[in-house]
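What follows is a set of notes on a single structure, which appears directly below.
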Amino acid sequence: MEKKYIGVGVIGLGVVAGQVSKVLCEREEFLSAQLGFPLKLKKVKVLPQDMPRPLAKSLPEGVLTTDEDDFFNTPGLDIVVEAIGGEYPAFNLLSRGLKMGKCVVTSNKEVIAKHAPELVKLAKDNNVGLRCEASVGGGIPLISPFQYDLAANHIKGIYAIINGTTNYILTRMAKEGLDFATALKQAQSLGYAEANPSNDIEGTDAVYKLAIMASINFQCVVKPEDIYREGISRLTSRDFCYADELGFNIKLLAITKPGNGQIEARVHPVFLPKDDWLAKVDGVFNAVLVEGDLVGPVLFQGQGAGALATSSAVVADVLAAAQDIHLGVGNRMRWNMDKPLGIKPMSDILTRYYLRMTVTDSPGVLALIAKVLGDHSISISSVIQKETDEKNLTAEIVIMTHPAKEAFVQQALVKLGGLDKVKEINNFVRVGI
């Protein structure tokens, strides 16, 4: 049965939620014309302290409420938009909306990454839509292409720069020679990094997004805690100098690919050849490279965060949900999560490595290091020695390896760290995808 209009309710009045409410109000006529029927903002659930805000005062009279029951019981409320972030109370609010038979739209990466199985089941049980386009790439269309446009493909791999904060920091370190702390402060002063940036710089944000992408593409449950995570805080300006000399850029990548009944799922810094597509993505931009067996490599690139870009994806989800309701279509998700795919242990990963260490500047050191690596089935591709400390009789060397097993590399690093002639293992970074 066709409805005379589709009513939307928004939970929150923060950066994203406020922008979504603003778009729904200011573009009501335009959005309704896009749909071919009226779309109305019916209610906005806010906190008491939000009421005096200029945006709150600019919304239509009677739209605001501070009461959860009043919000959910609003007559004609068909779609619930959640954009408050965090795990709770967002999960409870989304669950309530689904149980009441309302379509829900969320930009919340954490709640989807941690609770997708429960929310998907609720949506299916109540025959309503659950949409989360903005939870991964902000304004970059990803979820819909994964579920529909690329559905005929076996996905061979997803390689993503999916956090604008870390990409900005790494870009400044590479282009200006800044150390990590200075680049982070610059990002904070420009509003690209939060006062507490740990979720970004330690890779947690990217892990949430990778969990969603892997779960959707491989139709299985990938939990954030099962994904290997390594942030960018131990990278130094010296690593970028060597990367540049060797023909690489350094990026924080989220990687997932299938193989032998398992999938890889990992987030960590990577040396990428300078001519690689992803190596050229700078600043706060995000990019996701998807490799399908039919379509080949496809690159999605754009602004992965910010109120305007994220609201674009959220409102697009609202329009899709409204169209479904208008046509009497219930749940259309292609997200079953029923394949018994395990996560490949990080110790089994095979890749190349960059090793930087401080050693005693004396004869035989390289031969000793080469023997330790060889004993662990690690073959050396190249060696650089430039920096020497004549006072302390030490030298800095950089070794690039051929592909090696992660477990063997970790064992070798422990062995090398115990040698008298190796003063410090300064850093190691995986090379290539």
Side-chain angles (χ1 to χ4, degrees), residues 156-164 166-180 182-183 203 206 230-255 257 264 266-291 296-299 301 349-359 366 369-370 373-374 378-388 395-406 408-409 412-413 416 425-433:
K156 298 166 65 176
I158 300 172
Y159 313 94
I161 296 172
I162 205 68
N163 181 272
T166 52
N167 202 45
Y168 177 83
I169 291 170
L170 296 178
T171 300
R172 296 279 68 78
M173 292 179 74
K175 293 187 178 300
E176 299 177 22
L178 303 180
D179 60 30
F180 172 78
T182 302
E230 185 181 308
I232 65 170
S233 56
R234 63 184 178 84
L235 293 169
T236 72
S237 57
R238 298 216 44 78
D239 297 315
F240 286 88
C241 288
Y242 284 116
D244 182 63
E245 181 176 344
L246 291 162
F248 294 92
N249 286 335
I250 305 177
K251 298 295 181 181
L252 181 73
L253 286 192
I255 298 170
K257 49 187 173 180
E264 293 183 23
R266 47 195 171 102
V267 171
H268 54 73
V270 174
F271 269 43
L272 287 176
K274 286 181 178 290
D275 60 356
D276 187 281
W277 284 0
L278 293 175
K280 302 173 185 177
V281 179
D282 287 336
V284 294
F285 278 81
N286 287 184
V288 179
L289 177 64
V290 182
E291 188 175 357
V298 180
L299 184 68
Q301 182 176 348
I349 298 299
L350 190 72
T351 189
R352 298 173 61 203
Y353 292 84
Y354 153 94
L355 310 176
R356 179 168 62 88
M357 59 189 79
T358 302
V359 301
L366 283 177
I369 292 172
L373 295 177
I378 303 166
S379 174
I380 295 175
S381 172
S382 65
V383 178
I384 297 175
Q385 178 181 335
K386 281 192 173 182
E387 297 297 321
T388 59
E396 184 177 69
I397 65 170
V398 166
I399 294 174
M400 299 291 284
T401 78
H402 288 295
K405 193 174 182 179
E406 174 88 13
F408 297 158
V409 173
L413 290 174
L416 289 170
I425 306 293
N426 302 109
N427 213 344
F428 79 99
V429 181
R430 296 163 192 89
V431 179
I433 55 177

For this session: Could you please spell out the steps behind the side-chain contact (heavy atoms from CB on, under 4.5 Å) verdict for L246 and I384?
Result: CA-CA 10 Å; L246 291 162; I384 297 175; 3.5 Å; yes
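- Looking only at distances, a side-chain donor or acceptor of N426 sits under 3.5 Å from a matching main-chain atom of T358.
- Note that CG of N163 and CG of L253 are 12.0 Å apart. Values are rounded to the nearest 0.5 Å.
- A donor-acceptor pair is defined here as one N or O able to donate and one able to accept, closer than 3.5 Å; no such pair exists between the side chain of R356 and the backbone of V398.
- For the pair I162 and V288, the minimum side-chain heavy-atom distance is below 4.5 Å.
- Using a cutoff of 4.0 Å between basic side-chain nitrogens and carboxylate oxygens, K280 and D275 are not scored as salt-bridged.
- Heavy-atom contacts from other residues, nucleotides or ligands closer than 6.0 Å to NZ of K274 number more than 12.
- Residues V267 and L252 meet the side-chain proximity criterion, which asks for heavy atoms closer than 4.5 Å.
- To the nearest 0.5 Å, the span separating CE on M357 from CG on L416 amounts to 5.0 Å.
- Under a 4.0 Å N-O distance rule, the pair K251/D276 does not qualify as a salt bridge.
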Problem set entry | Stepwise side-chain contact (heavy atoms from CB on, under 4.5 Å) test for I433 and I255 | CA-CA 8 Å; I433 55 177; I255 298 170; 4.0 Å; yes
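- Of all non-hydrogen atoms in G231 and P269, the two that sit nearest each other are O-CG, 3.3 Å.
- Remark: L235 CG to D179 CG distance equals 12.0 Å, nearest 0.5 Å.
- Looking only at distances, no side-chain donor or acceptor of K405 sits under 3.5 Å from a matching main-chain atom of I378.
- Side-chain contact between M173 and D239 is absent, with no heavy atoms from C-beta onward closer than 4.5 Å.
- Counting heavy atoms from C-beta outward, S237 and F180 have side chains that stay 4.5 Å or more apart.
- Counting all heavy atoms, side chain and backbone alike, L178 lies closest to A183 at CD1-CA, 4.1 Å.
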For this session: Show your working on side-chain contact (heavy atoms from CB on, under 4.5 Å) between R430 and H268 and close with a plain yes or no.
Result: CA-CA 8 Å; R430 296 163 192 89; H268 54 73; 3.4 Å; yes
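- Side-chain contact between R352 and M400 is present, with heavy atoms from C-beta onward closer than 4.5 Å.
- Using a 4.5 Å heavy-atom threshold, the side chains of I250 and F240 count as touching.
- Taking each heavy atom of V383 and I380 in turn, the nearest pair found is CG2-CG2, 3.7 Å.
- Once rounded to the nearest 0.5 Å, the distance linking CG of L373 with OG of S379 reads 9.0 Å.
- Under the 4.5 Å side-chain criterion, counting only non-hydrogen atoms from C-beta, K257 is not in contact with K156.
- Taking the side chain as every heavy atom from C-beta outward, L366 and V359 never approach each other to under 4.5 Å.
- The shortest heavy-atom contact between L278 and I161 is O-CD1, 3.2 Å.
- Using a distance-only test at 3.5 Å, with no hydrogens or angles considered, a donor-acceptor pair links the side chain of T351 to the main chain of V431.
- Scanning all heavy atoms of the two residues, the minimum distance from F248 to P273 falls at CD2-N, 3.5 Å.
- Distance check, rounded to the nearest 0.5 Å: OH of Y242 to OH of Y354 gives 7.0 Å.
- For E176, the salt bridge (charged side-chain N to carboxylate O under 4.0 Å, His left out) criterion is met by R172, not counting sequence neighbours.
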Problem set entry | Residues R266, I349; criterion side-chain contact (heavy atoms from CB on, under 4.5 Å); working and verdict | CA-CA 10 Å; R266 47 195 171 102; I349 298 299; 3.8 Å; yes
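- A distance-only check finds a donor-acceptor pair linking the side chain of T401 to the backbone of Y353 [under 3.5 Å].
- Judged by distance alone, with hydrogens and angles left aside, the side-chain atoms of T171 form a donor-acceptor pair with the main-chain N or O of N167 at under 3.5 Å.
- Nearest heavy-atom pair, A206 versus A254, reported as atom, atom and distance to 0.1 Å: O-CB, 4.5 Å.
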